[in-house]
Amino acid sequence: MSRRIAVGADHAGVDLKDALAQLLRERGFEVHDCGTSGHDSVDYPDFAHAVCAEVGSGRSELGLLVCGTGLGMSMAANRHAGIRAALCAEPFSARMTRMHNDANVLCMGSRVVGPGLAEEILSVFVTTAFEGGRHARRVGKIELGAAPTG
Ligand code: RB5
């Protein structure tokens, strides 16, 4: 069964989102596109919430969010319980946030990274596994109200 990834963007990120969605499809991923689909001005939290609902429900394994800077998307996404959204502008952070933080949503800024770099960041993000172990304990403590685990 193919891995499913939910993608979303505002008007500033839609072109990059569409290009990255196409790359994901070419690599065999199932893409659930939460929009937006044109260049009309829209509000980035609407798309962050749609993608996070997909990931939070387990319907999609991972999420991708693109706006102008990635900042607004990451702020909105991280309001969701169980969502660990990482804003990345280079591949090292994308690798580490999968390995150590079990990040499940990647945020990028279309006005920050070019298309080639964005492809590399996404590629690393979707192919890197969580290391678990001591990192699982720490990730468990991210959620507010989580029981202390030592
Ligand atoms: C839209 O102009 C811009 O504010 C948005 O794409 C994003 O960068 C917000 O964080």
Side-chain angles (χ1 to χ4, degrees), residues 2-131 135 138-146:
S2 58
R3 299 170 72 198
R4 178 167 153 126
I5 301 194
V7 303
D10 71 356
H11 52 284
V14 64
D15 290 341
L16 182 56
K17 180 264 290 176
D18 288 346
L20 295 174
Q22 184 55 29
L23 178 83
L24 288 169
R25 288 187 195 98
E26 285 165 10
R27 296 207 181 163
F29 291 90
E30 181 188 347
V31 174
H32 180 79
D33 192 341
C34 296
T36 188
S37 56
H39 294 104
D40 290 347
S41 183
V42 292
D43 299 333
Y44 59 82
D46 297 337
F47 302 92
H49 297 323
V51 164
C52 291
E54 268 288 309
V55 176
S57 69
R59 288 190 297 274
S60 290
E61 175 189 337
L62 296 172
L64 168 69
L65 288 167
V66 187
C67 65
T69 59
L71 289 164
M73 286 296 198
S74 62
M75 289 177 190
N78 278 315
R79 302 305 299 262
H80 288 253
I83 294 297
R84 292 174 298 282
L87 173 58
C88 296
E90 32 70 32
F92 177 75
S93 295
R95 179 173 294 106
M96 296 310 293
T97 200
R98 286 289 306 127
M99 287 169 63
H100 286 193
N101 312 126
D102 198 18
N104 48 14
V105 174
L106 172 65
C107 300
M108 287 193 280
S110 64
R111 296 169 180 159
V112 180
V113 293
L117 182 56
E119 284 186 11
E120 200 175 326
I121 292 166
L122 176 63
S123 179
V124 164
F125 189 83
V126 299
T127 57
T128 304
F130 180 46
E131 277 186 353
H135 302 296
R138 295 165 184 165
V139 168
K141 291 182 176 183
I142 290 176
E143 292 291 328
L144 295 176

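First listed ligand is number 1; within each ligand, the first listed atom is number 1.
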Just to be sure I'm reading this right: ignoring hydrogens, which of Met73, Arg111, Met75 gets closest to atom 2 (O) of ligand 1? Compare them by their nearest heavy atoms.
Arg111
Can you label the angle between the His135 ring and the His100 ring as parallel, tilted or perpendicular, going by 30° and 60°?
parallel
When only distance counts, is Leu71 in polar contact with ligand 1, meaning an N/O pair under 3.5 Å?
no
Tell me which protein heavy atom sits closest to atom 10 (O) of ligand 1, plus the residue, atom name and distance to 0.1 Å.
Gly72 N, 2.9 Å
Ala12 heavy atoms within 4.0 Å reach ligand 1 at atoms 6 (O)
Geometric N/O contact Tyr44 with ligand 1, under 3.5 angstrom
no
Protein contact to atom 7 (C) of ligand 1 [nearest heavy atom, distance to 0.1 Å]
Cys67 SG, 3.4 Å
Please say whether more than 12 non-hydrogen atoms of neighbouring residues, nucleotides or ligands are located less than 6.0 Å from CZ in Arg3.
yes
CZ (Arg111) and OG1 (Thr69) are apart, to the nearest 0.5 Å, by 8.0 Å
Is there a donor-acceptor pair closer than 3.5 Å between any side-chain N or O of Arg25 and the backbone N or O of Glu30?
no
Donor-acceptor contact below 3.5 Å, side chain Lys17 vs main chain Asp33
no
Can you tell if the side chain of Leu106 reaches within under 4.5 Å of the side chain of Leu62, non-hydrogen atoms only?
no
List every atom of ligand 1 that sits less than 4.0 Å from any heavy atom of His11, numbering the atoms from 1 in the order shown and giving each element.
1 (C), 2 (O)
Protein non-hydrogen atom below 4.0 angstrom of atom 4 (O) of ligand 1 present
no
Is the contact between Asp10 and ligand 1 made by the side chain, the backbone, both, or neither, using heavy atoms and a 4.0 Å cut-off?
side chain
Taking Ser74 for its side chain and Gly70 for its backbone only, find out whether a donor-acceptor pair lies under 3.5 Å.
yes
As an exercise, identify every atom of ligand 1 less than 4.0 angstrom from a heavy atom of Gly68.
5 (C), 6 (O), 7 (C), 8 (O)
